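Structure, as structure tokens:
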Number of protein chains: 2
Amino acid sequence: MPAKIVRAQIPRVHSIVTCQRGEQIYAEGDATDKCFQVSAGAVRVSRVFANGGRQVVSFHLAGEMFGFEAGPQHRFFAEAIAETRMAVFERGPVQQHLPELLALAVDGMERAQEHLVVIGRQSAIERVALFLTDLSNRLGGTRQLTLAMSRQDIADYLALTIETVSRAITELRERSVIALRHARIVYIMNPDALRSLCGDAASPSEPARTG
Amino acid sequence: MPAKIVRAQIPRVHSIVTCQRGEQIYAEGDATDKCFQVSAGAVRVSRVFANGGRQVVSFHLAGEMFGFEAGPQHRFFAEAIAETRMAVFERGPVQQHLPELLALAVDGMERAQEHLVVIGRQSAIERVALFLTDLSNRLGGTRQLTLAMSRQDIADYLALTIETVSRAITELRERSVIALRHARIVYIMNPDALRSLCGDAASPSEPARTG
DNA sequence: CGGTTGATTGATCGAGATCAACGTGCGTGG
DNA sequence: CCACGCACGTTGATCTCGATCAATCAACCG
């Protein structure tokens with residue numbers, strides 16, 4: 001699971017926008033003329049299928065950038081999953097900052113590759129354990145996680161169903177690895193146990209950040 | 001499934017090397033001081049697990065580059081899956097070519113994301129159909145494919161077992177979508193049928209290349 | 001309060017994994 | 001040139017994890 005997150009410092013912010021929970025930021029096919037940096041809230045990047053299924057490719061939390069793509073059109077949907085404030089960068093000026101963009105793209109590649117390995121080879125409980133571990137790392141190593149996303153979002157990210165995610169969380173709770181104050185507020189009681197449940201693919205903890 | 005492949009033109013080749021089938025090019029943990037461009041043969045990039053399992057992240061065919069990563073150490077293994085000739089680039093001089101590197105990284109990100117969606121949401125036969133379609137596109141749209149990789153490699157790439165891959169291929173053969181001259185030589189009899197079996201996620205055909 | 005949305009729990013089903021033979025080339029040495 | 005051996009691939013039988021179908025429960029809000 002990815003742990004490092006690029007937080008590039010790119011000047012010349014075009015504007016700051018606020019999105020409501022559920023609001024679309026861009027759609028598949030939209031022009032890739034901007035990219036974004038979350039300042040508060042959380043964003044979901046996903047593909048939606050004809051049959052209503054969805055694969056979430058990434059979540060983006062405060063400080064993280066998204067929306068940068070190679071082609072002229074977006075290949076995914078981006079939506080706010082909570083009330084979200086973002087800085088918007090015009091693509092043109094941003095092109096001047098090649099080193100930052102490169103770091104961003106490489107980071108995106110690595111995160112997608114790690115995600116791929118998890119989806120391809122880990123069991124349901126390993127995916128959920130890894131998800132919580134990753135989220136904890138991204139939130140600065142905190143043991144109390146406030147999940148911005150619903151169970152459905154988590155399921156779509158981990159390529160599971162909502163029921164399977166729920167059962168995995170229940171099992172973690174029964175094993176006293178985590179505790180729930182609320183369905184969306186997770187307390188990691190035993191970080192070592194959680195990490196050992198991640199199977200291989202476990203990123204040791206890595207609080208390092210770029211940017 | 002990814003279709004576009006960056007074939008960057010980066011001068012200053014350090015050297016040309018030849019690897020035998022099965023030979024390791026780099027290992028997880030090795031320094032990321034070089035990157036490579038295949039001139040003939042094929043390369044497999046994968047992660048190996050403690051339990052012997054493997055997830056193939058990508059295959060690289062003639063013209064394609066690989067081995068570029070952000071951190072100081074490789075996160076995957078790269079091996080030749082056939083006798084392979086490659087150009088080797090030193091990382092230092094390559095850093096001068098930011099636009100090419102950016103294209104490379106973005107392409108890698110997009111390929112990994114598409115792969116992720118396939119692994120996460122497609123059925124076994126859809127994955128295999130997509131794999132063959134993608135390979136055909138990468139080989140220039142030819143209908144006769146010579147597979148450089150074994151069934152095990154394909155299975156590890158698609159996050160399936162060798163048996164499931166074999167059954168999917170048999171089904172495609174029974175439906176007269178493909179024909180096999182040899183286990184490694186596939187003839188696509190009905191490209192439209194093959195594409196329609198790819199489910200969503202089907203890249204229309206896209207013979208476009210960068211570089 | 002009841003209504004609504006999101007999460008959990010339970011019962012059953014099924015695609016693909018696993019376990020186990022069986023084929024088929026293909027290279028090597030007699 | 002053929003027999004043997006081995007690696008790779010296919011096919012079959014069974015099992016299992018997670019999907020699906022179906023209630024039930026918990027928060028939140030009018």
Side-chain angles (χ1 to χ4, degrees), chain A residues 20-22 44 49 51-55 81-83 118-132 145-175 178-186 197 199, chain B residues 20-22 44 49 51-55 81-83 118-132 145-175 178-186 197 199:
Chain A
Q20 294 312 306
R21 167 194 159 86
R44 170 182 77 212
F49 296 104
N51 53 299
R54 208 173 52 167
Q55 176 66 49
I81 54 180
E83 184 168 341
V118 172
I119 300 303
R121 293 292 169 209
Q122 308 286 111
S123 69
I125 199 156
E126 287 171 337
R127 295 185 212 186
V128 172
L130 214 31
F131 175 74
L132 294 175
L145 309 178
T146 301
L147 306 180
M149 62 292 287
S150 68
R151 294 290 187 272
Q152 186 65 61
D153 288 328
I154 298 172
D156 289 345
Y157 178 73
L158 297 176
L160 296 170
T161 59
I162 186 175
E163 294 95 331
T164 299
V165 170
S166 186
R167 283 184 245 270
I169 287 176
T170 298
E171 189 172 341
L172 291 175
R173 190 155 44 79
E174 283 172 352
R175 294 199 203 178
I178 63 172
L180 298 189
R181 278 175 185 279
H182 173 87
R184 299 284 191 101
I185 302 177
V186 178
L197 281 170
Chain B
Q20 294 311 307
R21 166 194 160 83
R44 169 182 77 212
F49 296 104
N51 52 299
R54 208 173 52 168
Q55 176 66 48
I81 54 180
E83 185 167 341
V118 172
I119 300 303
R121 292 294 168 206
Q122 308 284 112
S123 70
I125 199 156
E126 287 170 338
R127 296 185 211 187
V128 172
L130 213 31
F131 176 75
L132 294 175
L145 310 178
T146 301
L147 306 180
M149 62 291 287
S150 68
R151 294 290 187 273
Q152 186 64 62
D153 288 327
I154 298 171
D156 289 345
Y157 179 72
L158 297 176
L160 296 171
T161 59
I162 186 174
E163 294 95 331
T164 300
V165 170
S166 187
R167 283 185 245 271
I169 287 177
T170 298
E171 189 172 341
L172 291 175
R173 190 155 44 79
E174 282 171 351
R175 292 200 204 176
I178 64 173
L180 299 189
R181 275 176 188 279
H182 172 89
R184 300 285 191 99
I185 302 178
V186 177
L197 281 170

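Letters A, B, ... are given to chains in the order of the sequence lines, protein chains preceding strands, and every chain is numbered from 1. Computation of the quantities below employed the complete heavy-atom set of this structure, encompassing side-chain atoms and omitting hydrogens, waters and symmetry-equivalent molecules. Values in this document were obtained by computation on a predicted structure and should not be read as measured data.
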Per nearest nucleotide of DNA chain D, the residue lying toward the 5' end, A:Glu163 or A:Ser123, is A:Ser123
| query | Contact class for B:Ala168 (heavy atom, under 4.0 Å): base, sugar-phosphate, or nothing? | reply | nothing
Report which part of the nucleic acid A:Arg181 touches: base, sugar-phosphate, or nothing (heavy-atom distance under 4.0 Å, all strands).
nothing
- For B:Thr170, answer base if it contacts any base atom (sugar-phosphate contacts may also be present), sugar-phosphate if it contacts only those atoms, and nothing otherwise; contact means non-hydrogen atoms under 4.0 Å. sugar-phosphate
Separation of D:dG9 atom P from B:Ile154 atom CD1, nearest Å, is 8 Å
Between NE2 of A:His182 and C1' of D:dC25 the distance, given in whole Å, is 14 Å
- Message: By the 4.0 Å heavy-atom rule, please label A:Ala155 as base, sugar-phosphate, or nothing.
- Response: nothing
Separation of D:dT11 atom P from B:Ile169 atom CD1, nearest Å, is 10 Å
Chain B vs DNA chain C, heavy-atom contacts under 4.0 Å, first-to-last nucleotide span, 5' to 3', is C:dG16 to C:dC26
Separation of D:dC21 atom C1' from A:Ile162 atom CD1, nearest Å, is 14 Å
**Prompt:** For B:Leu180, which contact category applies under a 4.0 Å heavy-atom criterion: base, sugar-phosphate, or nothing?
**Reply:** sugar-phosphate
Please classify the nucleic acid contact of B:Ser150 as base, sugar-phosphate, or nothing, using heavy-atom distances under 4.0 Å. sugar-phosphate
#### Entry: hbond_proxy B:Arg173 side chain to D:dT11 base (donor-acceptor, 3.5 Å cutoff)
no
Is a salt bridge present between B:Glu171 and B:Arg175, judged by a nitrogen-to-oxygen distance below 4.0 Å? yes
Closest heavy-atom pair, A:Ile81 versus A:Met149, reported as atoms and distance to 0.1 Å, is CD1-CB, 3.7 Å
Next item on the list: Please test A:Asp156 against A:Arg44 for salt bridge (charged side-chain N to carboxylate O under 4.0 Å, His left out), starting from the C-alpha separation and ending with a verdict.
Entry: CA-CA 10 Å; A:Asp156 289 345; A:Arg44 170 182 77 212; over 6 Å; no
Between A:Ile119 and A:Ala159 the two heavy atoms that sit nearest each other are CG2-CB, 3.8 Å
(message) Between A:Arg184 and D:dA27, is there a contact of a side-chain N or O with OP1 or OP2 at under 4.0 Å?
(response) no
Whole-Å distance, B:Glu171 CD to D:dT11 C1', equals 14 Å
